[in-house]
Peer 1: 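Dropping a structure here in structure tokens format, bear with me for questions.
One-based numbering, in listed order, for ligands and for the atoms of each. Worth knowing before you read on, the calculation uses all heavy atoms, side chains too, and leaves out hydrogens, waters and symmetry mates. Everything numeric in this text was worked out from a predicted model, so none of it was measured.
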Amino acid sequence: MKKILVVGSLNMDLVTKVVATPKIGETISGDGLQFIPGGKGANQAVAMGKLGARVEMIGAIGTDGNGEVLKDNLIKMNVIADRIKNIAEAPTGVAMIMVNASGDNSIVVIAGANGQLLPEDVVDAWFDDVSLVVCQLETPVETVETVLRRAKALGVKTVLNPAPAKALSNELLSCVDLLIPNETEFESLTGVAVETREDLMMGYQAINALGIKEIIVTLGSKGAWYYNGENFLSVAAKKVNAVDTTAAGDSFIAGVCESLARGASMQEALEMGTKVAAITVTRFGAQSSLPTKEEVAGI
Ligand code: RIB
């Protein structure tokens, strides 16, 4: 089977639990501090590796301890990490995360080395033996655009998780085959808030005009919807006791991409993504919460 290529961010997550996120001017106490491997790109790659996919990650880390831990974790989780770039001039990316009593989070990302993955780093060799390339938006947008354009030219299917939400050029969006935003990102790209399937179809028209054929919108506890201009599919979220929603979206995307890469149907892919995310939110942290394929098979 060909590889999945994830091009994206690696962050060390500095995580504390709070009762509620502080208001402006307020000082509160956090309960403990944990250093947990994270970053949207690395979370997606590790989740795919744990599901048994053949996956390579490309990203950038600083020449520091955090970078070493993050790269080691990729390797331990069966992710090919040979082309991770070492940056002497910038620290490894960091995310400061507060998880509140409901399991919801607030995140501040400091890009560090992630900002040094540059368009000129992208070479055709990255796409050898690759069936699917997956990007997010925690590395420079110009690099994401270059990756997607190059993949498209080489006949590799492209997936974009437009997170965190940013303004994107039509040129970039025209290189995306499958877009996987959450509700907020969908609204920021299309101007349409998704409440009903008609909303999804209306927003779809705007992005389909740019060449995107398929879209999956993740809807949190409401599940996820898929549309390709003809077929509408949906999956309900599993009812679980969520302790931390960090990496819920990343794990969903990993389940979808792992399934599609081995030839599963889109409905099966949606169901897989939902199961992976359901387990992830019952555990604390990003990469620390991602399930193995055996655990997913058990629910
Ligand atoms: O999607 C969750 C991730 O967002 C965290 O792991 C954090 O690093 C930020 O990138």
Peer 1: Quick test: of every protein heavy atom, which one is nearest to atom 1 (O) of ligand 1, and how far off is it to 0.1 Å?
Peer 2: Asp250 OD2, 2.7 Å

Peer 1: Between ligand 1 and Val109, is the shortest N or O to N or O distance under 3.5 Å?
Peer 2: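 No, no N or O pair falls under 3.5 Å.
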
Peer 1: Considering the heavy atoms of Ala286, write down every atom of ligand 1 situated less than 4.0 Å from one of them.
Peer 2: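 Counting from 1, the qualifying ligand atoms are 6 (O).
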
Peer 1: To which protein heavy atom is atom 9 (C) of ligand 1 closest, and what is the distance rounded to 0.1 Å?
Peer 2: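 Atom 9 (C) of ligand 1 sits closest to the protein heavy atom Glu138 OE2, 3.5 Å.
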
Peer 1: Any idea which atoms of ligand 1 are less than 4.0 Å away from a heavy-atom of Ala95?
Peer 2: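 What qualifies from ligand 1 is 7 (C), 8 (O).
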
Peer 1: Looking only at side chains, do Glu89 and Gln116 share a donor and an acceptor under 3.5 Å apart?
Peer 2: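 No - no donor-acceptor pair under 3.5 Å links their side chains.
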
Peer 1: Applying side-chain contact (heavy atoms from CB on, under 4.5 Å) to Asn73 and Met77, what does each step give before you reach the verdict?
Peer 2: CA-CA 6 Å; Asn73 205 49; Met77 300 301 165; 3.9 Å; yes

Peer 1: For atom 4 (O) of ligand 1, which protein heavy atom lies nearest, and how many Å away is it?
Peer 2: Lys40 NZ, 3.2 Å

Peer 1: Show the nearest heavy-atom pair for residues Leu70 and Thr92, with the distance to one decimal.
Peer 2: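 What the structure gives for the nearest pair is CD1-CG2, 3.4 Å.
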
Peer 1: Identify the closest protein heavy atom to atom 3 (C) of ligand 1: which residue and atom is it, and at what distance?
Peer 2: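 The protein heavy atom lying closest is Asn43 ND2, 3.6 Å.
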
Peer 1: Take Asp121 and Thr143 through the side-chain contact (heavy atoms from CB on, under 4.5 Å) test and state the conclusion after the steps.
Peer 2: CA-CA 8 Å; Asp121 294 325; Thr143 308; over 6 Å; no

Peer 1: In terms of relative ring orientation, are Tyr204 and Tyr227 parallel, tilted or perpendicular, with 30° and 60° separating the classes?
Peer 2: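 The arrangement is perpendicular - the two ring planes meet at more than 60°.
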
Peer 1: Please confirm whether the backbone N or O of Thr184 pairs with a side-chain atom of Asn182, one donor and one acceptor, at under 3.5 Å?
Peer 2: yes

Peer 1: Looking at every non-hydrogen atom in both residues, tell me the closest pair between Asn11 and Glu138 and how far apart they are.
Peer 2: ND2-OE1, 3.6 Å

Peer 1: Taking only non-hydrogen atoms of Ser9, do any sit less than 4.0 angstrom from ligand 1?
Peer 2: no

Peer 1: Note the single closest protein heavy atom to atom 7 (C) of ligand 1, along with its residue, its atom name and the distance in Å.
Peer 2: Asp13 OD1, 3.3 Å

Peer 1: At less than 4.0 angstrom from any non-hydrogen atom of Gly38, what atoms of ligand 1 do you find?
Peer 2: 6 (O), 8 (O)

